[in-house]
Amino acid sequence: MPDQPAPVPAPKRAPVSAPAPVSSPAPAPVPVDRLRFALPPVHADPAEERAYRKERLAGALRLFGRLGYEDGVAGHITVRDPEFDDCHWVNPFGRALSSLGADDLLLVDGEGRVRRGGHRVNELAFAVHAAVHRARPDAVAVVHAHAPYGRALAALGELLAPISEEACAFYEDHALLDGFAGPQDCGRIARALGPYKALILRNRGLLTVGDSVDAAAWWFIAAERAAQVQLIARAAGKPAAIDHPGALAARERFGTDLAAWVSYQPLWQGVEPENTGPGG
């Protein structure tokens, strides 16, 4: 074969350096008064406040349905009517939580009689809520549902331990009713709650209150999650508790009803009426 010509190497190119970054001044800070930050609304008209509370109640019920806090016909949230004495709005008996709207809610008096609405009410369950509302005039909303981790912790008869920043919201601000109490023991349940935001009902689960539906619903969700973390941590080893000063400081920062209302807003945005789709 004839000799093949030797390959000619390609000429080397000089490395191309990246252009030097152009330094520009940062945008001016946005004035604080132009930054949006949601706060609980204030309504002077009782009718407007009623409509607002009903809308938030229906949304919280839909959220609880999505989170799996519904167990048959168990699970209720009540909110005090802003005008009618000893009357509260509540979800109807036997209706799926995830499908409820504001028009489905019942207005029920403290004796368990339906004053507005077209369905029956779970009278035994409502009696507990009515007793708590009577004992706690500051409690606008009361939540009790049969979520799994709260029930598991209640079966152990334990309080929420300050082993996470979130759990510290309940530090020295919740109680344990150490003994089974059914709906017929509604007065005993209300007394056990005392001035606190949450109660662990032995063998039954969690009950929470707040100065709004949003706050009470958030406290229930937060307590359920704290119970889950506590059970997981105990199963893995020996949890280390936050010390008393640190737990108190965390509670002061995260344990107010306003903090709960703010924390709940991202959850509300997922269930507010325009985001629920058909049946919401």
**Q** Minimum heavy-atom separation for Ile242 and Gly246, please, with both atom names.
**A** CG2-C, 3.7 Å
**Q** Within a strict 4.5 Å, meaning less than it, do heavy atoms of the Leu106 and Trp89 side chains meet?
**A**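 Not touching, per the 4.5 Å side-chain cut-off.
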**Q** Please determine whether salt bridge (Lys or Arg N to Asp or Glu O under 4.0 Å) holds for the pair Glu83 and Arg50, giving the CA-CA distance in whole Å, both sets of side-chain angles, and the decisive distance to 0.1 Å.
**A** CA-CA 8 Å; Glu83 182 179 11; Arg50 178 180 299 113; 2.8 Å; yes
**Q** Determine whether Val108 and Val143 fall in the same hydrophobic cluster, where Ile, Leu, Val, Met, Phe, Trp and Tyr are linked whenever their side-chain heavy atoms lie under 4.5 Å apart.
**A**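 As far as the 4.5 Å side-chain criterion goes, Val143 and Val108 are not connected within one cluster.
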**Q** Testing the basics here: between Arg56 and Gln265, what is the closest heavy-atom pair and its distance to 0.1 Å?
**A** NH2-OE1, 2.8 Å
**Q** With heavy-atom distances below 4.5 Å as the criterion, would you say the side chains of Arg251 and Glu172 are in contact?
**A** yes
**Q** Would one find more than 12 heavy atoms of other residues, nucleotides or ligands at under 6.0 Å from atom CG of Asp243?
**A**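 Yes.
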**Q** Heavy-atom count check: over 12 atoms from other residues, nucleotides or ligands less than 6.0 Å from Phe254 CZ?
**A** yes
**Q** Would you say Val79 and Val140 make side-chain contact, with heavy atoms under 4.5 Å?
**A** yes
**Q** Would you confirm whether His76, through its side chain, and Asn91, through its main-chain N or O, come within 3.5 Å as a donor-acceptor pair?
**A**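 Not at all, since once roles are kept as given, no pair shorter than 3.5 Å links the two residues.
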**Q** Between Arg116 and Phe84, is there a side-chain heavy-atom distance shorter than 4.5 Å?
**A** yes
**Q** Counting heavy atoms not belonging to Tyr52, are there more than 12 under 6.0 Å from its OH?
**A**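 Buried by this count: over 12 neighbours within 6.0 Å.
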**Q** Less than 4.5 Å apart, side chain to side chain, heavy atoms only: is that true for Tyr69 and His146?
**A** no
**Q** For Asp45, does the CG atom have more than 12 heavy-atom neighbours from other residues, nucleotides or ligands under 6.0 Å away?
**A**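 Counting other residues, nucleotides and ligands, CG of Asp45 exceeds 12 neighbours.
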**Q** Less than 6.0 angstrom separating the ring centers of Phe220 and Phe64, yes or no?
**A**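 Ring-ring flag for Phe220/Phe64: true, centres closer than 6.0 Å.
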**Q** Just jot down the side-chain hydrogen bond (donor to acceptor under 3.5 Å, both in side chains) partners of Arg253, sequence neighbours excluded, or say none.
**A** none
**Q** Check step by step if side-chain contact (heavy atoms from CB on, under 4.5 Å) holds for Leu107 and Val114.
**A** CA-CA 6 Å; Leu107 180 66; Val114 176; over 6 Å; no
**Q** Step by step, work out the salt bridge (Lys or Arg N to Asp or Glu O under 4.0 Å) result for Arg234 and Glu158.
**A** CA-CA 12 Å; Arg234 278 189 51 195; Glu158 294 185 8; 2.3 Å; yes
**Q** Under a plain distance cut-off of 3.5 Å, with no hydrogens placed, do Trp268 and Asp214 share a side-chain donor-acceptor pair?
**A**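 There is no such pair between these side chains.
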**Q** Locate the shortest heavy-atom distance separating Pro273 from Arg62; write the atom from each residue and the value.
**A** N-NH2, 3.9 Å
**Q** Please name the pair of heavy atoms, one in Leu160 and one in Ala227, separated by the smallest distance, quoted to 0.1 Å.
**A** CD2-N, 3.7 Å
**Q** Would you please name every residue forming a ring-ring contact (aromatic ring centres under 6.0 Å, His included) with Tyr171, sequence neighbours left out?
**A**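 With sequence neighbours excluded, Tyr171 shows a ring-ring contact (aromatic ring centres under 6.0 Å, His included) to His244, given in chain and number order.
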**Q** Compare all side-chain heavy atoms of Phe93 with those of Val121 and state whether any distance is below 4.5 angstrom.
**A** no
**Q** Roughly how far, to the nearest 0.5 Å, is the CG atom of Leu153 from the CZ atom of Arg202?
**A**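 It comes to 10.0 Å.
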**Q** Looking only at side-chain N and O atoms, does Trp219 offer a donor or acceptor that is under 3.5 Å from a partner on Asp257?
**A** yes
**Q** More than 12 heavy atoms of other residues, nucleotides or ligands under 6.0 Å from CZ of Arg120: yes or no?
**A**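 For Arg120, atom CZ is not crowded (no more than 12 foreign heavy atoms under 6.0 Å).
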**Q** Just by distance, no angles: are the side chains of Glu49 and His43 close enough, under 3.5 Å, to form a donor-acceptor pair?
**A** yes
**Q** Determine, using the 4.5 Å side-chain heavy-atom cutoff (strictly less than), whether Leu199 and Val209 are members of one ILVMFWY cluster.
**A**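 Yes, it is one cluster - the side chains of Leu199 and Val209 are joined through contacts under 4.5 Å.
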**Q** Which atoms form the tightest heavy-atom contact between Ser99 and Asp104, and what is the distance?
**A**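 For Ser99 and Asp104, the tightest heavy-atom pair comes out as O-OD2, 4.0 Å.
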**Q** In the structure I gave you, are the side-chain heavy atoms of Val271 and Leu267 within less than 4.5 Å of one another anywhere?
**A**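 The answer is no, as the side chains (C-beta and beyond) never meet within the 4.5 Å cut-off.
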**Q** Could you walk me through whether Ile232 and Gln228 satisfy the side-chain contact (heavy atoms from CB on, under 4.5 Å) test, starting with their C-alpha distance in whole Å, then the side-chain angles of each, then the deciding distance to 0.1 Å, before giving a yes or no?
**A** CA-CA 6 Å; Ile232 293 172; Gln228 180 182 11; 3.8 Å; yes
**Q** Examine distances only and state if a side-chain atom of His144 and a backbone atom of Leu206 form a donor-acceptor pair shorter than 3.5 Å.
**A**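 At least one qualifying donor-acceptor pair exists.
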**Q** Can you tell if the side chain of Val142 reaches within under 4.5 Å of the side chain of Leu207, non-hydrogen atoms only?
**A** yes
**Q** For the residue pair Arg204 and Ala154, what are the closest heavy atoms and their distance?
**A** N-CB, 4.1 Å
**Q** Looking only at the side chains, is there a donor atom on one of His129 and Thr78 sitting less than 3.5 Å from an acceptor on the other?
**A**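 His129 vs Thr78: donor-acceptor pair found between side chains.
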